[in-house]
Amino acid sequence: MIRRPDELAKMRKAGRVVAEMHEALRAGAKPGVTTAELNSIAAEVIERRGARSNFLHYHGYPAVICTSPNNVIVHGIPSGYVLAPGDILSVDCGAIVEGYHGDAAFTMGIGEVTAEASRLMEVTEQALYAGIDRLVAGNRLHEVGRAVAEVAEGAGFSVVKEYVGHAIGTAMHEEPQVPNYWPGRPGPLLKAGMVFAVEPMVNAGGAETLLLEDGWSVVTADGSLSAHFEHTIAVTDHGPEILTVLS
Ligand code: MF3
Ligand code: CO
């Protein structure tokens with residue numbers, strides 16, 4: 001799907017709201033705060049900006065963000081969980097403006113975290129940017145996953161395979177998918193106007209995942225830490241443009 005300039009302008013607006021959610025949540029996430037309180041902070045940004053939530057009620061999802069601490073990879077539901085020093089927390093946010101979607105995630109440390117946790121977060125963010133660098137017209141889409149996996153696995157970590165990135169536009173999840181690994185074929189040719197959410201999930205231990213009883217929370221099978229970084233990015237004639245930023 002190729003987005004027209006007027007559509008990209010709306011996606012920039014949605015991306016900016018998501019970036020504002022990130023800013024507010026980074027400031028709000030501290031020891032003693034619950035993940036339900038973070039959800040309220042995010043809901044307030046959406047409300048203040050006159051945006052809508054794409055997460056709330058998505059296949060029955062009950063909140064406007066996902067909060068995934070420590071061994072939770074993605075899709076953790078905000079709850080009474082109290083953040084503690086040494087935790088890492090992945091926060092996934094989305095918003096709809098004028099019918100167009102933004103989607104982005106980050107992982108942060110709460111207070112002081114271990115050296116391994118810091119390295120996991122740094123490497124996962126580097127893997128995201130290595131993938132974003134491949135979003136150039138004329139490239140093949142699956143070069144993104146190859147670049148992501150090279151960085152993450154090169155650092156001794158493992159990449160989650162069961163959950164992937166996606167095209168995004170008038171729906172949060174559009175085809176094609178964006179795997180975070182080389183799926184054995186090059187995938188679609190990239191053209192200016194295509195928009196993707198690239199979102200590596202990287203585990204400190206093995207790649208295997210489990211779904212918890214709540215039907216949403218995806219955890220590492222071995223209990224190891226996991227990090228998740230995501231941006232919404234447009235392929236343009238002058239390279240990748242990250243839409244989920246403040247300016
Ligand atoms: N935004 C997530 C993604 O990165 C999906 C969230 S699922 C929801 O694709 F149910 F929480 F909305
Ligand atoms: Co996404």
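This one's a predicted model, so the numbers in the text were calculated from it and none came from an experiment. Atoms within each ligand, like the ligands themselves, are counted from 1 in listed order.
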Asks: I'd like to know if the side chain of N39 reaches the main chain of I65, judged simply by a donor and an acceptor atom lying under 3.5 Å from each other, with no hydrogens or angles considered.
Replies: yes

Asks: Would you say the side-chain atoms of H75 and Y61 include a donor-acceptor pair closer than 3.5 Å?
Replies: no

Asks: Do side-chain atoms of N139 reach the backbone of R134 as a donor and acceptor pair under 3.5 angstrom?
Replies: yes

Asks: For N203 and S226: C-alpha separation, side-chain torsions, deciding distance, then whether side chain to side chain donor-acceptor pair (under 3.5 Å) applies.
Replies: CA-CA 4 Å; N203 298 347; S226 187; 2.7 Å; yes

Asks: Can you list the steps and then say if T209 with I73 is a side chain to side chain contact (heavy atoms under 4.5 Å, CB included)?
Replies: CA-CA 8 Å; T209 72; I73 301 169; 3.6 Å; yes

Asks: Quick one: name the protein N/O/S atoms under 2.8 Å from the Co ion (ligand 2), chain by chain.
Replies: D103 OD2, H166 NE2, E199 OE2, E230 OE2

Asks: Between CD1 of I96 and CE of M11, what distance do you get to the nearest 0.5 Å?
Replies: 11.0 Å

Asks: With a 3.5 Å distance limit and no angle check, can you tell me whether S158 reaches the backbone of G205 through a side-chain donor-acceptor pair?
Replies: yes

Asks: Can you measure from CZ (F106) to SG (C93) and round to the nearest 0.5 angstrom?
Replies: 6.0 Å

Asks: Per the side chain to side chain donor-acceptor pair (under 3.5 Å) rule, which among E7, R3, R12 passes with Y100?
Replies: E7

Asks: Do any nitrogen or oxygen atoms of ligand 1 lie under 3.5 Å from a protein nitrogen or oxygen, and which ones?
Replies:
residue, atom, partner, partner atom, Å
ligand 1, 1 (N), D92, OD2, 3.4
ligand 1, 1 (N), D103, OD1, 3.0
ligand 1, 1 (N), D103, OD2, 3.3
ligand 1, 4 (O), D92, OD2, 3.1
ligand 1, 4 (O), D103, OD2, 3.1
ligand 1, 4 (O), E199, OE1, 2.7
ligand 1, 4 (O), E199, OE2, 2.9
ligand 1, 4 (O), E230, OE1, 3.1
ligand 1, 4 (O), E230, OE2, 3.2
ligand 1, 9 (O), D103, OD2, 3.4
ligand 1, 9 (O), H166, NE2, 3.1
ligand 1, 9 (O), H173, NE2, 2.6
ligand 1, 9 (O), E199, OE2, 3.1

